[in-house]
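Whatever order the structure lists ligands and atoms in, that order sets their numbers, starting from 1.
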Amino acid sequence: GTQASFVTKKYGIPQISTGDMLRAAVKAGTELGAAVKKVMDSGSLVSDEIILGVIRDELDRPAAVGGVIFDGVVRTIPQAEGMERLLADRGRKLNAVLFFDVPDAEIIGRIERRRGIEGRPDDDPAAVATRLQSYRDQTAPVLAWYESRGSLVRIPAVGPVDDIATRVRRALALQGLVDLRL
Ligand code: AMP
């Protein structure tokens with residue numbers, strides 16, 4: 001989320017964060033929000049059907065025609081397959097998948113700090129344990145899926161935020177997606 005917003009600010013590519021969208025739906029009390037609140041608070045993943053619906057709606061918005069950064073997507077193999085279909089149906093393609101490589105202990109430390117600032121229900125220790133388990137069970141296999149398709153870019157993501165931002169920009173520039181001189 002942090003790195004996506006840097007890229008958005010610098011290059012104007014819109015950021016689509018499914019987590020932010022779902023949290024907004026919960027806050028606004030929409031039907032979608034009511035459907036996902038419990039699952040989100042527990043730290044489990046929302047259904048692939050719901051996520052793919054959100055992705056489809058976002059891809060079809062005029063703001064997305066020039067490309068988008070998905071943040072927090074995809075998190076399961078069915079989402080990867082669904083995303084591929086949605087893009088192919090629209091004559092579009094995925095340019096790169098950025099994997100931010102951070103050890104669990106560091107992730108837990110970052111979440112603890114964020115909990116003091118944002119107070120997200122899914123940042124409490126029990127929900128964090130569930131989220132790490134969901135990651136191992138459902139999201140980790142997605143890495144190999146994209147690696148075998150040549151789309152995966154691994155970003156070492158421990159250290160100063162600015163250094164990580166430089167790695168992200170270099171990775172995107174290598175794919176011809178941004179201009180490093182900007
Ligand atoms: P995040 O802000 O990305 O950590 O997402 C917060 C929560 O929203 C997750 O723990 C899930 O419950 C839900 N969520 C967000 N994106 C996805 C996704 N791609 N697949 C399934 N659940 C998601």
Side-chain angles (χ1 to χ4, degrees), residues 1-8 13-61 64 68-87 92 94-146 149 151-152 155 157 161 164 168:
T2 303
Q3 294 296 331
S5 66
F6 289 162
V7 176
T8 298
I13 307 168
Q15 169 184 8
I16 298 173
S17 159
T18 43
D20 285 349
M21 293 183 67
L22 296 174
R23 274 185 292 278
V26 170
K27 206 168 166 197
T30 64
E31 206 176 306
L32 171 66
V36 299
K37 182 175 178 3
K38 256 192 160 158
V39 177
M40 281 182 82
D41 287 355
S42 74
S44 297
L45 292 180
V46 166
S47 77
D48 294 327
E49 206 183 347
I50 288 180
I51 296 295
L52 288 169
V54 170
I55 293 174
R56 189 189 51 230
D57 292 349
E58 289 302 310
L59 279 176
D60 288 340
R61 281 155 63 100
V68 292
I69 303 165
F70 281 107
D71 160 22
V73 183
V74 307
R75 273 149 114 137
T76 67
I77 299 274
Q79 286 179 27
E81 292 166 349
M83 170 84 96
E84 191 169 68
R85 265 196 313 277
L86 287 171
L87 290 170
R92 301 179 67 169
L94 197 116
N95 297 100
V97 175
L98 271 52
F99 165 56
F100 291 87
D101 201 352
V102 184
D104 278 8
E106 168 81 15
I107 291 181
I108 290 168
R110 289 183 192 179
I111 289 178
E112 266 167 16
R113 284 195 293 280
R114 182 172 72 184
R115 189 179 179 211
I117 300 167
E118 294 180 19
R120 277 172 52 171
D122 59 345
D123 280 347
D124 82 55
V128 170
T130 304
R131 287 165 65 191
L132 289 172
Q133 194 60 45
S134 306
Y135 174 80
R136 282 189 281 273
D137 294 343
Q138 291 169 274
T139 307
V142 174
L143 296 181
W145 199 91
Y146 282 120
R149 285 161 178 77
S151 316
L152 195 76
I155 310 275
V161 160
I164 302 169
V168 169

Exercise. Got a sec, which residues hit side chain to side chain contact (heavy atoms under 4.5 Å, CB included) with M21, two or more places apart in sequence or on another chain?
Worked result: I16, V54, E58

For this session: With sequence neighbours excluded, tell me which residues meet salt bridge (Lys or Arg N to Asp or Glu O under 4.0 Å) with R110.
Result: E106

Problem set entry | Shortest protein heavy-atom distance from atom 7 (C) of ligand 1, along with the residue and atom involved | M40 CE, 3.7 Å

Exercise. Among protein heavy atoms, which lies nearest atom 3 (O) of ligand 1, and at what distance?
Worked result: R75 NH1, 2.8 Å

Exercise. Thinking salt bridges, do R23 and D20 make one under a 4.0 Å N-O criterion?
Worked result: yes

Problem set entry | Atoms of ligand 1, numbered as shown, that sit under 4.0 Å from any heavy atom of R23 | 2 (O), 6 (C)

Exercise. Going by heavy atoms in the side chains, are L86 and R92 under 4.5 Å from each other?
Worked result: no

Problem set entry | Mode of V46 contact toward ligand 1 - side chain, backbone, both, neither (heavy atoms, under 4.0 Å) | both

Exercise. Near R131, which atoms of ligand 1 are under 4.0 Å from a heavy atom of that residue?
Worked result: 4 (O)

Exercise. If you measure from the Lys or Arg side-chain nitrogens to the Asp or Glu carboxylate oxygens, is any gap between D60 and R56 under 4.0 Å?
Worked result: no

For this session: Give the numbers and elements of all ligand 1 atoms closer than 4.0 Å to a heavy atom of R120.
Result: 1 (P), 2 (O), 4 (O), 6 (C)

For this session: Provide, to 0.1 Å, the distance between atom 20 (N) of ligand 1 and the closest protein heavy atom, together with that atom's residue and name.
Result: Q79 NE2, 2.8 Å

Exercise. What part of D122, side chain, backbone, both or neither, has a heavy atom within less than 4.0 angstrom of ligand 1?
Worked result: side chain

Exercise. If you take all heavy atoms of P14 and T8, which pair is closest and at what distance?
Worked result: C-OG1, 4.1 Å

Seminar exercise, completed: for atom 15 (C) of ligand 1, nearest protein heavy atom and its distance come out as T18 OG1, 3.6 Å

For this session: Could you check atom 12 (O) of ligand 1 against the protein and tell me its nearest heavy-atom contact, residue, atom and distance included?
Result: S44 O, 2.7 Å

Exercise. In terms of residue, atom name and distance, what is the protein heavy atom nearest to atom 23 (C) of ligand 1?
Worked result: I51 CD1, 3.7 Å

Exercise. Side chain to side chain contact (heavy atoms under 4.5 Å, CB included) with F70: which of V97, L94, T18, I55?
Worked result: I55

For this session: Starting from atom 14 (N) of ligand 1, locate the nearest protein heavy atom and write down its residue, its atom name and how far away it is, to 0.1 Å.
Result: L22 CD1, 3.8 Å

Problem set entry | Crowding at CD, E49 (>12 non-hydrogen neighbours, <6.0 Å) | no

Exercise. Should you measure from each heavy atom of G72, which atoms of ligand 1 turn up under 4.0 Å away?
Worked result: 16 (N), 17 (C), 18 (C), 19 (N)

Problem set entry | R149 CZ: over 12 foreign heavy atoms closer than 6.0 Å | yes

